[in-house]
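Report on the structure given below.
Bear in mind that the values here come from a model prediction, so they are computed numbers and not experimental data. Naming convention: chains lettered A, B, ... in sequence-line order (proteins, then strands); numbering from 1 in each chain.
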Number of protein chains: 4
Amino acid sequence: MIVVMKPGCAQADVDHVVDLIRQYGLKDHVIVGTDRTVVAAIGDKRGVDMSAIENAPMVDAMVPILKPYKVASKEVKQEPSVIDIGNGHTIGGKRFAVIAGPCSVESEKQLMQTANAVKAAGAIGLRGGAFKPRTSPYEFQGLGEEGLKLLAKAREETGLSVCTEVMSVTQTDLVAEYADILQIGTRNMHNFNLLAAAGKTGKPVMLKRGWSATLKEFLLAAEYIINEGNQNVILCERGIRTHEQYVRNTLPLAIIPAVKNESHLPIVIDPSQGTGHAYMVPSMCKASLAAGADGLLIEVHPDPEHAMTDGAQSVTTDSFATTMDELRKIAAAVDREM
Amino acid sequence: MIVVMKPGCAQADVDHVVDLIRQYGLKDHVIVGTDRTVVAAIGDKRGVDMSAIENAPMVDAMVPILKPYKVASKEVKQEPSVIDIGNGHTIGGKRFAVIAGPCSVESEKQLMQTANAVKAAGAIGLRGGAFKPRTSPYEFQGLGEEGLKLLAKAREETGLSVCTEVMSVTQTDLVAEYADILQIGTRNMHNFNLLAAAGKTGKPVMLKRGWSATLKEFLLAAEYIINEGNQNVILCERGIRTHEQYVRNTLPLAIIPAVKNESHLPIVIDPSQGTGHAYMVPSMCKASLAAGADGLLIEVHPDPEHAMTDGAQSVTTDSFATTMDELRKIAAAVDREM
Amino acid sequence: MIVVMKPGCAQADVDHVVDLIRQYGLKDHVIVGTDRTVVAAIGDKRGVDMSAIENAPMVDAMVPILKPYKVASKEVKQEPSVIDIGNGHTIGGKRFAVIAGPCSVESEKQLMQTANAVKAAGAIGLRGGAFKPRTSPYEFQGLGEEGLKLLAKAREETGLSVCTEVMSVTQTDLVAEYADILQIGTRNMHNFNLLAAAGKTGKPVMLKRGWSATLKEFLLAAEYIINEGNQNVILCERGIRTHEQYVRNTLPLAIIPAVKNESHLPIVIDPSQGTGHAYMVPSMCKASLAAGADGLLIEVHPDPEHAMTDGAQSVTTDSFATTMDELRKIAAAVDREM
Amino acid sequence: MIVVMKPGCAQADVDHVVDLIRQYGLKDHVIVGTDRTVVAAIGDKRGVDMSAIENAPMVDAMVPILKPYKVASKEVKQEPSVIDIGNGHTIGGKRFAVIAGPCSVESEKQLMQTANAVKAAGAIGLRGGAFKPRTSPYEFQGLGEEGLKLLAKAREETGLSVCTEVMSVTQTDLVAEYADILQIGTRNMHNFNLLAAAGKTGKPVMLKRGWSATLKEFLLAAEYIINEGNQNVILCERGIRTHEQYVRNTLPLAIIPAVKNESHLPIVIDPSQGTGHAYMVPSMCKASLAAGADGLLIEVHPDPEHAMTDGAQSVTTDSFATTMDELRKIAAAVDREM
């Protein structure tokens with residue numbers, strides 16, 4: 001931490017800051033510059049909130065130096081993590097992993113039709129919501145455990161790994177019983193009790209970035225899971241809230257190199273939530289692969305016009321198959337396997 | 001819902017949209033304009049996701065007409081709601097309600113000192129976190145039930161109503177036992193299970209707006225609580241995430257007239273979270289009152305330089321008292337009581 | 001400037017950064033911490049772009065310490081500036097200054113009616129666009145010099161100071177001939193040639209913040225004007241672009257205490273552009289005054305339903321008069337004059 | 001335009017809106033729904049600001065139906081435009097066009113070294129700033145005409161087309177004399193006089209999206225240029241301002257399919273401005289190509305550590321050559337030529 005003093009501060013002001021730093025158990029180092037005096041606080045106190053020093057007289061600003069996350073960072077582990085998601089499938093490493101399926105599990109017929117289609121097109125995982133977080137209490141809230149059973153049945157039939165959302169601490173054990181990957185949705189990225197509960201299951205966790213979370217907060221949320229002894233975290237970018245209106249969310253693909261620079265965890269992209277419009281999905285799938293992502297999470301529906309949820313951003317099974325063909329060509333060009 | 005067709009669409013495209021609308025149980029109404037044909041879907045289907053129609057051939061855009069929230073809106077109840085928060089205190093109506101206290105309950109001494117000071121200065125409620133949502137797993141997570149007991153003790157001594165955060169469905173009953181107002185934090189505004197659980201307690205709920213929630217989503221979150229039979233919802237604006245860096249969050253005070261225009265629920269402002277810097281808090285307190293807010297939620301600490309959390313944005317008890325004096329003068333000027 | 005090295009950097013990496021710093025004519029100061037080494041660059045080189053050091057091996061981040069603006073800052077001038085806007089009027093200091101008028105000058109009748117009404121209600125300035133920056137080339141572009149002449153006529157009749165926008169370097173002299181205050185619009189805050197040209201006229205400049213400008217950029221834009229020898233800069237906040245849709249722009253009133261903390265320049269608020277809806281304007285006028293602003297820039301129209309531009313956010317002359325009465329009461333409560 | 005009435009509006013309110021619509025020369029069409037009455041205004045009046053109707057009694061909201069841009073849209077021209085940028089080069093169509101070079105022209109040696117290197121690596125254009133828009137008045141403002149002459153010399157030597165920024169109406173003729181493509185920077189996207197002046201030169205214009213411009217505003221800015229009889233507009237996305245801090249700007253690549261859906265104009269991506277960090281540039285180059293962009297605008301410097309401007313985001317000539325090799329492989333995979 002660097003404490004920047006205001007111009008014209010007195011020696012007593014600097015001494016007071018030095019005192020506060022020492023009270024936190026840190027070492028101080030004062031640099032008197034031409035215009036400004038700064039005081040560096042030396043030592044590793046990631047869990048201590050020193051922002052209060054900002055209140056001291058003649059303090060202008062506090063500048064953090066140490067990254068607040070640790071076990072998710074490359075400081076601790078250099079080589080990229082490869083996560084085993086069961087059924088012989090992995091995420092991370094050379095292979096580009098595609099998980100696809102409907103937004104919501106609506107019926108056995110809808111799910112099996114989709115599962116078989118995405119399997120045939122080359123997906124390794126099946127996504128589908130049994131518990132649905134809905135902005136409005138009047139909307140379809142999902143089939144619940146019945147949906148989980150259908151997902152498990154689809155896995156048996158197709159060999160796809162199942163990824164489905166868990167919304168609450170009280171659902172964790174139930175969902176972990178059926179799913180291969182527990183998804184933490186964007187609305188719950190800061191639900192720290194849920195992060196810990198998902199961590200405790202030991203199952204791979206697909207952690208979606210919050211709508212307005214910073215990269216730092218995203219990695220700290222992963223840290224909550226890893227701190228329960230569960231290293232199997234897959235990061236998922238699904239778009240952020242900005243002023244843009246031609247998309248439902250703005251998809252910031254530069255997070256791919258940023259995550260690769262900071263962390264050993266794999267990162268996948270959700271181009272369906274990330275744009276909100278089916279016609280944009282193929283373009284963003286290809287961009288994600290070329291940018292270096294580890295995989296995709298895509299909403300596919302056999303009949304999007306009649307989907308119960310997220311129809312506008314679901315691609316048809318045909319469109320999905322075409323996109324997979326195009327992705328295979330790009331994968332070869334960028335030395336990835338599919 | 002209005003479906004806007006692309007220019008040059010065929011009659012068959014329009015017919016197809018008309019079919020889809022009828023399948024949703026709605027009436028259709030086609031308007032052929034100079035450049036564009038639009039199809040209106042008539043009827044109240046708030047819970048149905050019709051966005052899938054966007055996928056139909058030659059559809060350009062979908063425009064919602066009906067507001068998705070109902071029981072939180074003025075369509076259902078015109079007169080402003082006044083919420084009883086116990087101990088003879090209310091929020092909403094002519095009185096301007098100030099709830100103040102430390103970010104975290106740290107110790108009995110710290111809490112009692114703050115409670116007595118804010119009571120003396122004119123607050124009607126005491127805020128303080130016993131369970132703390134912390135971005136990093138390494139940070140202080142609160143005193144838990146011990147903190148709740150201290151809050152209850154402070155209420156006994158001062159007559160202040162107690163407002164404290166509940167972070168998880170499993171904590172709801174415990175927190176409801178001690179608190180007068182259950183606070184749902186910004187990170188949990190979209191935690192729908194928690195909203196319902198808080199609703200079921202029947203206790204007043206202080207609902208903080210999500211970092212990037214729209215006004216529509218904010219009112220729909222209130223709707224989740226009200227739908228459990230609990231009308232006692234207090235909306236709280238605490239700042240949104242934007243590109244601005246001189247503040248921790250951008251505080252959009254125009255939400256005050258917007259909420260007054262849309263809803264019967266009271267709205268209070270949190271200028272501490274809403275700015276992140278103690279020196280800005282008095283200015284934003286005064287602005288909130290003048291803009292028509294129903295109250296404030298302020299972080300006050302007897303020694304902010306040594307606060308365990310949020311020290312940078314906590315005002316001293318002295319500064320709080322001065323601000324309350326200034327607020328009383330403005331209250332008189334805008335015909336409010338304090 | 002502080003250069004933060006990555007963990008595990010070699011001495012040669014640090015030496016290389018030290019070399020680069022010396023090449024910029026600055027002194028270096030190395031601090032070896034527990035986890036990180038940082039290198040401070042000491043000396044005042046505000047105009048030098050050292051960001052390139054980020055490219056050096058094992059450099060993690062660059063942290064600026066010195067504020068980039070100077071003559072707009074309180075480092076150079078502590079006491080608040082009071083700007084003379086002619087006709088016996090000033091902006092800054094104890095008096096709260098209200099400038100009001102139509103978005104566009106449409107006709108002599110419309111302008112005179114508005115000017116007389118706002119004068120009667122207590123305004124000291126008249127706003128009105130003669131040259132209009134319009135998002136679409138098909139929209140009304142203003143009356144041009146004819147509009148300027150009408151504004152000058154209104155000044156003669158009412159004694160109000162005239163504030164009107166200059167859009168281009170080539171218009172500067174013409175507009176300066178008629179106006180008391182040259183307005184630089186939000187779209188031109190980064191039009192550095194225009195800033196310099198407006199500065200050269202010596203006339204007071206009303207500088208509107210860019211839609212997505214940072215506070216730092218806002219003050220640097222003022223610096224461009226002041227550097228031409230023109231101290232008469234009035235800052236104007238008019239809302240920023242965010243995800244919010246219930247407003248046309250998000251109005252961040254915390255910029256008022258932030259500017260007061262950083263700069264000696266006066267700041268006024270435009271609640272019309274800042275919200276986009278007439279019904280929100282009175283609330284934001286009152287909030288601005290209570291927050292400590294130096295004045296307001298308000299769109300007023302005698303018949304907003306038929307305004308040629310910005311009708312949705314223009315208040316009627318009656319509504320304006322009522323708001324002025326309310327503002328006078330608040331002004332008394334916060335020790336300001338009107 | 002659709003006017004949505006509030007619930008409970010009277011017939012007189014609807015009649016009043018109908019009157020206003022007729023006053024604008026449009027036809028009205030009233031639809032009485034279950035909960036809401038809406039009034040459609042039929043006819044093409046793109047240049048008329050009808051927002052004022054929002055002020056009429058019992059009007060809830062105004063919903064635009066017609067897109068405000070015309071000549072930039074696919075309504076007017078279906079097939080993608082191919083822009084001739086001289087020297088035998090084009091932008092748009094099957095070929096993927098790369099324009100590369102330094103942020104600023106610093107010296108003959110620096111420019112020629114860069115030009116030769118990017119030419120050898122496969123670029124078709126040379127970028128380089130002679131007039132620099134700088135946030136701070138203390139920073140390097142460019143070499144001016146001397147820089148333009150060096151760019152022209154580099155073109156002679158290499159056959160690359162020259163793209164350079166014009167900042168002001170008064171510079172337009174001078175820059176047009178030397179450049180093949182006039183660049184309008186992000187800070188000037190709303191500088192309507194400059195757009196018109198650039199349009200009048202007839203030269204191809206590289207139009208950068210404003211930091212917080214909507215897609216609609218971006219296309220309307222193109223419309224300003226095209227309306228001067230100049231069809232040669234190349235759109236350039238260079239990142240938007242959001243809450244994200246790990247990047248200098250957030251690069252929203254979904255604008256590529258959005259522009260392809262709306263407009264016939266080519267779109268290129270600037271991954272240097274779009275991220276702010278050299279290490280992210282190769283990843284975003286590849287993503288842009290895979291997403292369907294028509295080209296790239298990249299900052300390349302022979303010695304970024306000593307670049308006078310934008311060093312942090314400039315790639316070395318070696319890194320550029322490697323990226324071009326990777327891009328050629330992807331181009332083959334997505335059926336594009338390079």
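Here the straight-line distance linking atom OG of A/S212 with atom CD1 of B/I240 works out to 9.5 Å at 0.5 Å rounding. In this structure, the separation between NE2 on A/H190 and CG on B/N188 is 10.5 Å, given to the nearest 0.5 Å. Atoms CG and CD, from B/D19 and A/E305 in turn, are 10.0 Å apart once rounded to the nearest 0.5 Å. A distance of 11.0 Å separates CE of A/M167 from CG of B/L194, quoted to the nearest 0.5 Å.
Neither the backbone nor the side chain of A/H301 comes within contact range of chain B; no heavy atoms are under 4.5 Å apart. B/T214 touches chain A through backbone and side chain together, each having a heavy atom under 4.5 Å away. If you measure heavy-atom distances from A/S168 to chain B, the contacts under 4.5 Å come from both the backbone and the side chain. At a 4.5 Å heavy-atom cutoff, B/V315 makes no contact with chain A through either its backbone or its side chain. Only the backbone of A/A213 has a heavy atom closer than 4.5 Å to any heavy atom of chain B.
Your options are B/Q313, B/K216, B/H16, and the one with the most heavy-atom pairs under 4.5 Å with chain A is B/H16. Put simply, of A/A278, A/A56, A/A307, the one with the most heavy-atom pairs under 4.5 Å next to chain B is A/A56.
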### Chi angles and distances behind the side-chain contact (heavy atoms from CB on, under 4.5 Å) call for A/F192, B/Q141
CA-CA 10 Å; A/F192 303 122; B/Q141 309 271 328; 5.7 Å; no
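The pair B/R241-A/E217 counts as a salt bridge, with a side-chain nitrogen and a carboxylate oxygen less than 4.0 angstrom apart.
Residues A/L220 and B/P137 meet the side-chain proximity criterion, which asks for heavy atoms closer than 4.5 Å.
Here the closest heavy-atom approach between residue B/P304 and residue A/A52 is recorded as O-CB, 3.0 Å.
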